[in-house]
Amino acid sequence: MSSEDERPGEPAAGGPADSAPAAGGPEQLALIRETVRGAKVPKAKPRTWRGAALAKELPVARVVVNKGVLHLDQYFDYAVPEELDAEARPGVRVRVRFGAGAHRVRDGRREGGGLIDGFLVERRADSDYGGALAALAYVVSPEPVLGPEMLALARAVADRYAGSLADVLQLAIPPRNGRAESRPSPEPLPPPPAPAPGSWERYASGPAFLAALAGGGAPRAVWTALPGPGWPEELARAVAAALASGRGALVVVPDGRRAARLDAALTALLGEGRHALLTADSGPEKRYRQWLAVSRGSVRAVVGTRSAMFAPVRALGLVAIWDDGDSSHSDDRAPFPHVREVLQLRAAQEGCAFLLGSTSCTVEAAQLVESGWARPLAAGREQVRRAAPLVRTVGDGDLARDEAARAARLPSMAWQVVREGLKSGPVLVQVPRRGYAPRLACERCRTPARCRHCSGPLEAPDERELTCRWCGLGAVDWHCAECGGTRLRARVVGARRTAEELGRAFPAVPVRTSGRDHVLDAVPGRPALVVSTPGAEPVAEGGYAAALLLDGWAMLTRPDLRAGEDALRRWIDAASLVRGQDDGGTVVVVAEPTLRPVQALVRWDPTGHARRELADRAELGFPPVSRMASVTGRADVVGAFMAVMRLPADAEVLGPVPLPVPPPGRPRRPGEPPVGEVWERTLLRVPPGSGAELAAALKAAQAARLARGGTDQVRIRIDPLDIG
DNA sequence: AGCACGCCGACT
DNA sequence: GTCGGCGTGCTC
């Protein structure tokens, strides 16, 4: 199996003098084997380990190379030179020669194969690789950054999302910064005392959840938070309870604004030094310093945005996500993991508690409760009634009948509520962002039009023909499944102008705006009109007196499966900033009162809404009950990919359908076809339980195609977002 | 992706 | 004979 006169670092075809074994036992020599092709003998560059001995103990380093290519999604073994023995510990960053010809010898010099980054995952006594091992080039830094828990998590995430381990590690481990590493991290503080329940008392099982956490338990809960400003403190208490048990805690929020609020609440409750804030707002050095403090165990609690979901918290006791319906919880880099899914994996893997909190409720959260994986953590009706504002609706029909309203494009009831509200404080006006693409819906009852074959959304690209966005089949003689109507409509209204007109109608009142470009954090409690797009609503001192939610139809008819859920979430977010109804808080939503999300807002019942959506999705074969994946790329490439792919037996193929060409002038986004190419998207759907099989099949097909050298890649996305 | 190896046609 | 075309396959 091995010929003993070969040693890396020695000349290839050298005589006995050249190849005389240096120090090192026969078991080390056995590592270095004849290459299959014959007389070629590996040869290290002088600066690596030429002539050097191997490490005496565990001379093999198993390395994950930092190349996201799928058919390289495997470990590679390297020899550990003696002088790297001490530093080459599991978890450190290394550099290795990698590439065809890395073992080729010319003029007694090893050549080819550039240096690439990797992580050392394990030291071993021997290798199961049949060829000759190359040596580690060097250890980048002795800091161990990839522990066994993180490795297992990254592996699970890669499998779940049909991605490579290296891709996930790139999301999980921040780039190195030498200065940050050279600084010592602070001494860890002893666990704090268990916190009092505080406002968790408002939830029937709130104090019990906290007590279980503090006692070292691992409860899992979907928490429907009461509207109002209480959530940061409540999350802070959950973190404190986990810390009190001697374990760590991790909370992921959607954006820096909310991270700052939670940061403040934690500092108020626990003081400085017990938690790290991991957001993109701090620069790379500071961020890495914080990350290292967590990795080294100096800090045991983490608050952060998306990428903090991988933070290497020691002895994790609690993972929590706030507002899981916010789209920024979905990573925008391959393989596009979602914070909720990653934290679920962590909770299962590390046996820790799980808390999903939101004032609203996603279908996925409802499914966690329905499946029994998590328990509901909600307040009673009386608490909800006290905390939530009064919600009134104005339908489009009312708008049409109301003479004055038609002129001003606002129903008179909305006028009254605004006028009344301005007497006692600020009034919030929520206006949908421009660019919301409404979906085709029944003219009579507004039910979105769906394909009768696969239940995909219908569209009318040329105004005449109806086709399905999922399977591409034409829809002839469409009629509404709900009311039997045969006419469709899709209107677009200048929503922003409505708000501006509203501002002009109250000239004595200051108008402030908050939106994409300039987001206001807070406004004073004085009377003012605050016009905001969803998600940018400032907090009002003392709460808003009233809120006006305009053009609900535009939010409800977006071509997205989550349109209803999203609209409800954004309404609830805005309405949560309004005073409770006992204090006169009133919300007017301009939308069809019969629609499910509108009714859920009136009853303030986001959980019921999500439960009914979940039942519908199960019936129609939609995610998250079924698992879906999209395959996108040039038409011929998608075709070739699908030809290679071995589908799970229970998989359904929808499409392919051509992708819309992006409007000229705008820079092309990833996933959009370049000019002159026709791209297609095929959707794959499998029933519950076959998700892992689907991901594995996609990955295998991608690897097979890549190995064949094609530069023509398809984009694979598990749980695609824009499929509605 | 790179990069080398291998098995075919036109040149000194 | 042998230089070099780029098709195919490997990278510890």
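Convention: sequence-line order gives letters A, B, ...; per-chain numbering from 1. Just so it is clear, the structure is predicted and the values come from calculations on it, not from any experiment.
With sequence neighbours excluded, the residues forming a salt bridge (Lys or Arg N to Asp or Glu O under 4.0 Å) with A:Arg346 are A:Glu350, listed by chain and number.
Taking atom CG of A:Leu120 as the reference point, atom C1' of C:dC12 lies 13 Å away to the nearest angstrom. Summarising the geometry, the separation between CG on A:Asp77 and P on C:dT11 is reported as 12 Å, rounded to the nearest angstrom. A:Arg97 places its CZ atom 22 Å from the P atom of B:dA1, with the value rounded to the nearest Å. When the P atom of C:dT11 is taken as reference, atom CZ of A:Arg62 falls 15 Å away, rounded to whole Å. Protein atom CG of A:Leu115 is 21 Å distant from nucleotide atom P of B:dA1, rounded to whole Å. Nucleotide C:dC12 holds its C1' atom 10 Å from the CD1 atom of A:Ile116, rounded to whole Å. In this entry the distance linking CD of A:Gln702 with P of B:dA1 reads 10 Å, nearest Å. Summarising the geometry, the separation between CD on A:Gln74 and C1' on C:dC12 is reported as 9 Å, rounded to the nearest angstrom.
Salt bridge annotation for A:Arg306-A:Asp326: absent, with no cationic side-chain nitrogen under 4.0 angstrom from a carboxylate oxygen.
Under the 30°/60° scheme for interplanar angles, the aromatic rings of A:His338 and A:His329 are found to be tilted.
C:dC12 has its base stacked against the ring of A:Tyr129, the centroids being under 5.5 angstrom apart at an interplanar angle below 30°.
Summarising the geometry, atom CE belonging to A:Met150 is positioned 8.5 Å from atom CZ belonging to A:Phe310; distances are rounded to the nearest 0.5 Å.
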